[in-house]
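The block underneath contains the structure these notes are about, expressed in structure tokens.
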Amino acid sequence: MPVICNEAAQQFTLRAKNTDYVLKVAPCGYLAHVYFGPSVPDADLTYLLRLGENPWTPEQNDRDRAVYMDTLPFEFPCYGLGDYRESAFRISAPDGTSTCDLRYKSYRVYSGKPRLEGLPATFATEESPCETLEIVLLDEYAGLEATLIYTAFEKLDVITRSVIIKNVGEQPCGLARVYSACVDFDTDKFDMMTLNGSWARERAVERAPLHHGKQSVDSLRGESSHQNNPFAALCARNADEDSGEVFGFNFVYSGNFKLQAEVTQHKKTRFIMGINDTDFGWLLDPGESFTAPEVVMVHSSEGLGGMSRTFHDLYRGNLIRGEYRDKRRPILINNWEATYFNFNTEKLISIAREASKLGIEMLVMDDGWFGHRDSDSSSLGDWFVYEKKLGTSLRYLVDEVNKLGMKFGIWFEPEMISPDSDLYRAHPDWAIQVKGRPLTRCRDQYVLDYSRKDVRDYVYSMMRGILDSANIEYIKWDMNRQLTEVGSSALPPERQKELWHRYVLGVYELMGRLTEDYPHILLENCSGGGARFDPGMLYFSPQIWCSDDTDAIERLKIQYGTSMCYPCSAMGAHVSDCPNHTVGRTTPFETRGHVAMVGTFGYELDVTKISQYERDLIPGQIAEFNKYNALVRTGDQYRIGNMFEDNSFDAFMFVAKDKSEALFEFVQVLGRPNQRSRRIMLKGLDPEAYYYDEQKPEVKLSGAALMNCGINIGGIWGDYKSLLIHFIRV
Ligand code: DGJ
């Protein structure tokens, strides 16, 4: 029973696998947070609220209710009532004031999980069921009802949350802030870990102790962003990769967000997560509802590694959809780093011909095939084939590639419009803009107003024209700039602040249409590399391009950070040419293969130009990828090295769920003089079982020895060298 209701104590317990999340109706109908942590058998945890000890509870002393308001742990704190910590909900009432006051009204429990209108969200499956608790809060004065939706997953340490606000009054009411989650912890003894970065340097791990005041990361760029990912972990000070208590939070959303930990006057921590309230507003007419996106909350008693594995299981089983969810993805070759804009049909076919001989399964034609696009300064929005450049029709190209036994994929950037495009010349008002102000260019392009259905319909009809014209089996959906001068020619002044969110809803709506109409197409998301690597996008595409930095060594860090909450099966990763185009580094072709192999795997180079030695390695790399992909895609990931702490090596493992086999990968970053071997402790094996290295079947060691005593990695001479060991249970 994942939801337990104690009517007498008015206490609700959400019981996920080994985790409880407890809330309670407190005096005066305020909904209080009681507990989040390992499961406990007790039916009543009300004592944790210290209501009897608190002389300021309204029953005892209503003269100073404000003191009570400022200390009670709230589930969904309202602005304006004396709780001076960050509130989760703030309105813009018809009289211009901001105060609101939501009190408990009712609850209901049901099995499964509701869809969130227009939004991506996790879902129940037969193998991974869940139960939902809805609590309705009401502010009679404002005429607003808030339905807090909590779901507990039976087999995972996961609780999800979201909120629906409904106008049950008679006047329109503005919403100024609707965060999706607020959790009050009884301690400030946490470190907060976040994933930060930049273009080509996404999701670098940063961990720092909390201190008094507010520590937040956010995005105001219109996308989840390169700079900050909508993920944070609150880690007990002693928690590390393998042990200790960690609470992970991830926002299932691809636009502006805010997450914040606040250490309060009484040394407690309030954590909030939701749509960024800067420049946010939503006008709710009577009878209308607003749905806030979902927050996934993971509890782990096995450190960061345990937290990550739970996120991976949840996303692989209960978020990612479509035909490719549980399948090995086709090994592709993408022409971006091979040719940039300088290609035609002949060139692409020459790449495909060579690639097909080596076992590569799909050619992806990247940017530059449409309008009159020979550089990044034109044609976005003109989704018709640039036949003069290609020299043939698209159909001819695709047919030729298919004849080679390969699939064909194509690149789009559907949310954008170039000032130099037929589309912009015909519809300048379709760009997001503040009327009368000059528009800021970024990569020489503007952003389309996706809050408008006519805009989306038009772009989609052009995309359909392309998709229906040839046998296209993969799409890379790119997004290469952030939003500026945010305004819509189609929205009235009082709704302009809705544009940020309406834009994201528009993107989701179109991606939903695309994936429904073309279920056989494999969709890969991308945003100038990895600026939209978030769970919202994973709902639509089983894989996301991790970063424009394809250097194997930089990728170790990027993929490590990404793995904090996203599974390897979703990480777009390719072998590219050297010196690497982003950092100028030269690494062994073998290592580039090993690093890309723990992602979706593919190539991003001109296979007709690389050395014969490298070409000869490709069939072996493909065989290795095929051999290990199921294990990487479905197994449990264990991080061993951490390049953010020690950048001399990286190591990680994938262990089969039944512990029957494991893949160990090691990358020596910089060789060390006079170090003949390195001892590495393995993880995740069955301590009582015996395992052997497939290359040395005569040596059998117990899982206990491999994990407690370790293995010796010796004899690696040279920088950037890597090795794989496949352990098999006897
Ligand atoms: C950014 C992407 O990350 C690249 O892989 C490539 O598709 C370019 N855009 C094309 O403009």
Spacing of [X] atom [atom1] and [Y] atom [atom2] [to the nearest 0.5 Å]:
| X | Y | atom1 | atom2 | result |
| --- | --- | --- | --- | --- |
| Leu358 | Arg615 | CG | CZ | 7.5 Å |
| Arg316 | Asp313 | CZ | CG | 5.0 Å |
| Arg555 | Ile558 | CZ | CD1 | 6.0 Å |
| Cys709 | Met681 | SG | CE | 7.5 Å |

**Prompt:** Phe36 vs Phe249 aromatic rings, parallel, tilted or perpendicular, using cut-offs 30° and 60°?
**Reply:** perpendicular
**Request:** Please find out if less than 6.0 Å separates the ring center of Phe625 from that of Phe601.
**Result:** yes
Excluding sequence neighbours, so at least two apart, what forms side-chain contact (heavy atoms from CB on, under 4.5 Å) with [X]?
| X | result |
| --- | --- |
| Ala623 | none |
| Pro687 | Ala704, Met707 |
| Ser301 | Pro38, His299 |
| Leu617 | Phe589, Glu590, Tyr613 |

Under the side chain to side chain donor-acceptor pair (under 3.5 Å) test, residues paired with [X] that sit two or more places apart:
| X | value |
| --- | --- |
| Trp336 | none |
| Ser39 | Asp20 |
| Gln482 | Glu223 |
| Asn228 | none |

For [X] and [Y], which I'm curious about, is there any donor-acceptor pair between the side chains at under 3.5 Å?
| X | Y | answer |
| --- | --- | --- |
| Tyr539 | Glu294 | no |
| Asp606 | Thr339 | no |
| Arg203 | Thr562 | yes |

Non-neighbouring partners of [X] that pass ring-ring contact (aromatic ring centres under 6.0 Å, His included), sequence neighbours left out:
| X | answer |
| --- | --- |
| Phe666 | Phe649 |
| Phe153 | none |
| Phe185 | Phe190, Phe247 |
| His581 | Tyr340 |

**Asked** Under 3.5 Å, is there a donor-acceptor pair between the side chain of Asp478 and the main chain of Gly528?
**Response** yes
**Request:** Give a yes or no answer on whether the side chain of His312 reaches the backbone of Ser563 with a donor-acceptor pair at less than 3.5 Å.
**Result:** yes
Please determine if [X] and [Y] form a salt bridge, counting it only when a charged side-chain N lies under 4.0 Å from a carboxylate O.
| X | Y | answer |
| --- | --- | --- |
| Arg585 | Asp549 | no |
| Glu624 | Lys627 | no |
| Arg309 | Asp636 | no |

**Request:** Using the side-chain hydrogen bond (donor to acceptor under 3.5 Å, both in side chains) rule, take Glu202 and Ser547 through it: C-alpha gap first, then chi angles, then the decisive distance, then the call.
**Result:** CA-CA 7 Å; Glu202 294 90 341; Ser547 176; 2.6 Å; yes
